[in-house]
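The next block holds one structure in the form of structure tokens; read it before the comments.
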Amino acid sequence: MTLGKFKIFVINLESSSDRLAEISQQCALLGLTFERVPAVRGSELSVSEKRRCYDPQLNHKRYYKQLNDGEIGCYLSHMACWQYIVTEQLDFALILEDDAVLRSQLPEFITAVAGLEFDWDYIKLSHGSRKKKLLQQVDIGEAISLGFCLKLPSTTTGQFVSFSGAQKLLQTALPISRPVDIDIQYWYEKNLQCLVARPFPVGNGDFGSEINKQSSTRTQSGQRLKRIWHKCCYEFWLRVYRGRIGKLPKKLL
């Protein structure tokens, strides 16, 4: 099975050399090669740079709290990967954060996804605090399956992004108003065809991602009632746009 134009990107802060060494060792054991994408340290953005990419007013409208420097930097880091996919005209890419724990079946996932004969934009390879219920599911071989979730997992530790997915994500990325993992959960705003892998081939490291945790000295406290309101609105629109999910083939050709 040919992979076509495919790359693996690992998002990594310049200061996190230990994490780079760890993910390098994991990839080497699985026979995978990757390109390092320098993570954006949000705290080092100038006022004008932050103003160009982040809109506090839109953030206030679309999310329950202000974003911290780390969340802004994390979003920009993922944007850099999406831009590489488009610029290099890749068929798809595997994007990993540097705290990813790679499972042994990841190479089989890569090969299976390369052979998919239906359109897709984005595939989640890791999960957050709770696994989401699959609405549909299709076996893609090697005891691997893909399915639709109405509510996507909220982590961005590992994901496949196709050329079309990268285009759609870039078109709707700026100005930043939500954390990147939360923003992708609003797949219906971006017309994204999103899937979730099972079993999950990428785990979340116990040490957590430094990319997201950079923050200013100012504490960002959310408003509880506003959070509940946004959650209720989100659940409502998920059901409205449920019909956009489409159908998976019963089997692969």
Side-chain angles (χ1 to χ4, degrees), residues 9-16 19 36-87 93 95-99 121-122 124 128 151-159 161 165-192 194 204 208-234 237-238:
F9 297 117
V10 172
I11 300 172
N12 170 256
L13 282 168
E14 189 69 36
S15 59
S16 297
R19 293 169 186 253
R36 176 183 174 272
V37 175
V40 177
R41 188 177 290 276
S43 60
E44 295 179 354
L45 294 172
S46 66
V47 173
S48 60
E49 287 174 328
K50 193 177 296 185
R51 188 181 296 121
R52 284 196 296 269
C53 67
Y54 173 63
D55 185 343
Q57 292 183 332
L58 186 61
N59 161 257
H60 180 75
K61 179 180 178 181
R62 300 176 71 185
Y63 196 53
Y64 70 93
K65 70 179 183 71
Q66 296 178 31
L67 300 193
N68 61 38
D69 290 339
E71 289 166 327
I72 295 171
C74 183
Y75 204 123
L76 292 173
S77 301
H78 280 270
M79 279 183 64
C81 295
W82 305 336
Q83 189 61 62
Y84 282 133
I85 294 171
V86 172
T87 301
I95 300 174
L96 300 169
E97 293 180 351
D98 61 4
D99 63 329
D121 294 319
Y122 187 96
K124 285 277 189 179
K151 185 176 182 181
L152 294 172
S154 60
T155 177
T156 50
T157 306
Q159 57 263 287
V161 180
Q167 286 182 312
K168 292 176 182 179
L169 287 163
L170 287 170
Q171 287 169 1
T172 58
L174 296 178
I176 296 169
S177 61
R178 307 181 184 110
V180 63
D181 56 337
I182 302 302
D183 200 39
I184 293 171
Q185 287 187 322
Y186 289 76
W187 50 265
Y188 51 84
E189 293 180 351
K190 308 170 188 301
N191 197 30
L192 283 173
C194 297
N204 302 305
S209 174
E210 288 183 345
I211 302 167
N212 258 316
K213 291 184 177 180
Q214 309 162 58
S215 62
S216 63
T217 55
R218 184 175 68 255
T219 300
Q220 306 289 357
S221 58
Q223 299 177 21
R224 184 171 178 271
L225 291 178
K226 189 175 181 182
R227 182 176 186 177
I228 293 172
W229 169 252
H230 277 280
K231 182 178 179 180
C232 290
C233 291
Y234 172 65
W237 287 112
L238 277 182

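- A donor-acceptor pair shorter than 3.5 Å cannot be found between the side chains of Lys65 and His230.
- Take Pro175 and apply the side chain to side chain contact (heavy atoms under 4.5 Å, CB included) test, not counting sequence neighbours, and it matches Asp55, Leu58.
- In terms of heavy atoms, Glu71 sits closest to Pro179 at OE2-CG, 3.8 Å.
- Contact record, Ala39 with Ile11: CB-CG2, 3.7 Å, taken as the closest heavy-atom pair.
- The CG atom of Leu238 lies 8.0 Å from the OH atom of Tyr186; values are rounded to the nearest 0.5 Å.
- When all heavy atoms are compared, the tightest approach of Pro153 to Gln185 is C-NE2, 4.0 Å.
- Scanning all heavy atoms of the two residues, the minimum distance from Glu97 to Cys74 falls at OE2-SG, 3.8 Å.
- Under the 4.5 Å side-chain criterion, counting only non-hydrogen atoms from C-beta, Met79 is in contact with Leu174.
- When all heavy atoms of Ala166 and Val161 are compared, the pair lying nearest together is N-CG1, 3.5 Å.
- In this structure, Gln159 and Leu96 have side chains that are not in contact, with every pair of non-hydrogen atoms separated by 4.5 Å or more.
- Legend: residues meeting salt bridge (charged side-chain N to carboxylate O under 4.0 Å, His left out) with Arg36, ordered by chain and number and at least two apart, are Glu14.
- For the pair Ser77/Val37, no side-chain contact is recorded, criterion being any heavy-atom separation below 4.5 Å from C-beta on.
- The line from CD1 of Ile72 to CG of Leu45 is 7.5 Å long, rounded to the nearest 0.5 Å.
- Partners of Phe9 by ring-ring contact (aromatic ring centres under 6.0 Å, His included), not counting sequence neighbours, listed by chain and number: Tyr84.
- No side-chain donor-acceptor contact under 3.5 Å links Ser16 to the backbone of Asn12.
- Considering all non-hydrogen atoms of both residues, Leu170 and Val86 come closest at CD1-CG2, 3.8 Å.
- Every residue meeting the ring-ring contact (aromatic ring centres under 6.0 Å, His included) condition with Trp237, not counting sequence neighbours, appears here in chain and number order: Tyr241.
- In this structure a side-chain-to-backbone donor-acceptor pair under 3.5 Å is missing from Asp69 to Gly73.
- Looking only at side-chain heavy atoms (C-beta outward), Tyr122 and Lys168 stay at 4.5 Å or farther from each other.
- To the nearest 0.5 angstrom, Lys226 atom NZ is 13.5 Å from Ile228 atom CD1.
- Atom-to-atom distance recorded for His60:NE2 and Gln66:CD is 9.5 Å, nearest 0.5 angstrom.
- Rounding to the nearest 0.5 Å gives a distance of 4.0 Å between CZ of Arg41 and OG of Ser15.
- In terms of the side-chain hydrogen bond (donor to acceptor under 3.5 Å, both in side chains) criterion, residue partners of Arg62 (sequence neighbours excluded) are, by chain and number, Ser177, Glu189.
- For the atom pair OG (Ser154) and CG (Asp181), the distance works out to 5.5 Å, reported to the nearest 0.5 Å.
- Looking at residues two or more places apart in sequence or on another chain, you find a side chain to side chain contact (heavy atoms under 4.5 Å, CB included) between Lys190 and Tyr75, Leu169, Thr172, Asp183, Leu192.
- Between Ile95 and Thr156, the closest side-chain pair of non-hydrogen atoms is not below 4.5 Å.
- Distance alone, capped at 3.5 Å, places no donor-acceptor pair between the Tyr63 side chain and the Ile182 backbone.
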